[in-house]
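Atom set for the values below is all heavy atoms of this structure, side chains included, hydrogens, waters and symmetry mates excluded. Protein chains get the first letters and strands the later ones, always in sequence-line order, with residue 1 at the start of each.
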Amino acid sequence: MIMKLVAISLTAIFVQNFVLVKFLGICPFIGVSKKVDTALGMGMAVTFVMTLASIMTYFCQKFILVPLNIEYMQTIAFIVIIAALVQFVEMFLQKSIPSLYSSLGIYLPLITTNCAVLGVTLLNMQQEPAYGLIECIVNGFSSGLGFLLAILLFAGVRERLEFSDIPKPFRGFPIALISASLLALAFLGFSGMKF
Amino acid sequence: MTSILLPALAIGAVGLVLGALLFAASRLFHVEVDERIEKITGCLSGANCGGCGYAGCSAYAGAIVNDGAPIDRCSAGGQAAVDAIAEIMGVEATAVEPVRAVVMCSGTGAVAPDSYDYYGIADCLAASKLQGGGHKECSYGCLGYGKCIDACSEGGISIVDGVASIDGSACIGCGSCKTVCPKHIIELVPKRCKVYVKCKSCDKGPAMKNKCSVGCIGCKLCEKACPAGAITVTNFLASIDYDKCIQCGLCAEKCPRHIIVNENAPAEPAAPESQAV
């Protein structure tokens, strides 16, 4: 069991990295990666929401969708649940843990219906053999960590790009996209690894 | 029929339950927000420049209401903002002195030579870490890579002939540029003060010869000329006490290097020294 969880975790972080291999969650990856600080905040928020969303959607699938035979409503049901969950967490944090709210708060609404978050919950349900609750949580958390790793690496690269002598046509977004593709190329090295 | 009704009802029910939960949560976790914070935020400049020392306008407004922060920190909003905040908070308005940032360096390319060519990162901080505090002979002068340009929320700074120049009319006095300048040559000068020493060099007169042809040499002529006793020369650099200065401009006339600027004076011909390089 432990070995299986480790394998799920390593796969989610490196081999099937959400941003660099599956190309999900690109918009916060490009949008919030100008500084390492904000990238860290965004990555933490995504990890947090992915973990919680994995738990909630697992219960939704098991107790609502499967018994009623309406698994095909997954996408809509999960979006509604994730959106409500993020709103709830935001309110809860604001009241109970203001310090965490002030560091994560502005990022939470941004990832309400982020495709990476929706993606991890949908993929959780498509596994063969089917994932249990623990596996879903580990997969959600590790996918978040993979996002965190990717956005942190990319933010570090972009901070350095600020001071580089870049040819004029490539300044700004073009060079950011090029470096993102190179980063993705590096992660391609993990592909094919089996645990 | 059930194949449509069932999912619609199920998802509808899920949505309804979640909505009810969120409503309950919003009541349960309701955080009291002082309405004065929003009002004060509205009075501030909205530039989010950080000149008050807080993260932004709303952070400063929160600090005023919750922590009793002084109400006169918004230099961008000026007297109008202070008056409005005083009214909201029910306290006495204090007089606020509008300020503007001035780059205290006159060492343009023609008058302040370089001691070496710099090809590194085009950034003041990086350049200032090198030998001699930068590529200029004068170790105090502006390096001209524009760290202040990026810091300015108003877009009022430009590099003119190798030295940063601040548009006094655009400046809101937030001091962001002053904070980021690694050479510490940007100063906040009261807007009413038109006379200032546009140099930060503490080099002695003889040493100054090959570094900058206009820099202050600490000759003390201005100190003697000043009828108000507002000028003191310390470390071979004249400095003006803006509280004492009466804006007569005598120091600017007396200065042999023409490094004291008097904005009130009619435009004068360029200093002879600056032409003889």
Side-chain angles (χ1 to χ4, degrees), chain A residues 34-35 37-38 41 52-53 56-57 59-103 105-106 108-109 112-113 159-166 168 171, chain B residues 1-34 37 48 54-56 58-63 66-67 117-130 143 145-147 149-151 180 182:
Chain A
K34 275 202 175 142
K35 282 183 183 158
D37 298 352
T38 49
L52 282 177
M56 296 302 288
T57 51
F59 286 119
C60 169
Q61 173 85 0
K62 194 166 162 95
F63 295 114
I64 301 174
L65 299 184
V66 173
L68 291 176
N69 251 335
I70 48 167
E71 287 98 329
Y72 56 86
M73 295 300 283
Q74 243 179 7
T75 313
I76 295 174
F78 286 7
I79 284 180
V80 171
I81 286 180
I82 293 169
L85 176 75
V86 173
Q87 283 296 314
F88 180 81
V89 168
E90 201 190 346
M91 282 186 238
F92 175 75
L93 286 183
Q94 194 172 12
K95 178 78 174 182
S96 315
I97 323 172
S99 56
L100 191 62
Y101 176 77
S102 57
S103 56
I106 51 167
L108 281 177
T112 310
T113 46
E159 278 197 353
R160 293 203 151 209
L161 284 178
E162 286 277 302
F163 297 120
S164 313
D165 194 13
I166 302 165
K168 221 169 188 179
R171 275 182 207 165
Chain B
M1 195 61 192
T2 45
S3 60
I4 295 175
L5 266 185
L6 183 71
L9 284 177
I11 301 298
V14 169
L16 209 62
V17 170
L18 289 173
L21 277 179
L22 276 186
F23 175 72
S26 72
R27 282 292 162 90
L28 193 64
F29 298 125
H30 182 65
V31 179
E32 282 292 332
V33 180
D34 200 322
I37 295 180
N48 282 320
Y54 295 90
S58 55
Y60 176 47
N66 297 326
D67 310 330
D117 287 340
Y118 176 73
Y119 289 109
I121 300 169
D123 177 74
C124 301
L125 184 58
S128 71
K129 297 287 183 205
L130 295 178
L143 297 173
Y145 291 109
K147 206 154 181 63
I149 295 181
D150 299 334
V180 296

Check: What do the steps show when you test A/F88 against B/L21 for side chain to side chain contact (heavy atoms under 4.5 Å, CB included), and what is the final call?
Finding: CA-CA 8 Å; A/F88 180 81; B/L21 277 179; 5.9 Å; no

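- A 6.0 Å sphere centred on CZ of A/F92 holds no more than 12 heavy atoms belonging to other residues, nucleotides or ligands.
- For A/D165, the CG atom is loosely surrounded, since the number of other residues' heavy atoms within 6.0 Å does not exceed 12.
- The number of heavy atoms from other shown groups lying within 6.0 Å of CD1 (B/I4) does not exceed 12.
- Neither the backbone nor the side chain of A/L85 comes within contact range of chain B; no heavy atoms are under 4.5 Å apart.
- Closest approach of A/K95 and B/H30 over heavy atoms only: NZ-O, 3.3 Å.
- Note that the CD1 atom of B/I121 and the CD atom of A/E162 stand 11.5 Å from one another [nearest 0.5 Å].
- Within 6.0 Å of CZ on A/R160 lie no more than 12 heavy atoms contributed by other residues, nucleotides or ligands.
- Only the side chain of B/I11 comes within contact range of chain A, with at least one heavy atom under 4.5 Å from a heavy atom of that chain.
- The two residues A/Y72 and B/S3 make their nearest non-hydrogen contact at OH-O, 3.6 Å.
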Check: Does the side chain to side chain contact (heavy atoms under 4.5 Å, CB included) test come out yes or no for B/L22 and A/M91, once each step is laid out?
Finding: CA-CA 9 Å; B/L22 276 186; A/M91 282 186 238; 3.8 Å; yes

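- Nearest approach of B/A10 to A/L68, heavy atoms of both residues: CB-CD1, 3.6 Å.
- Taking a 6.0 Å sphere around CE of A/M56, one finds it holds 12 or fewer heavy atoms contributed by other residues, nucleotides or ligands.
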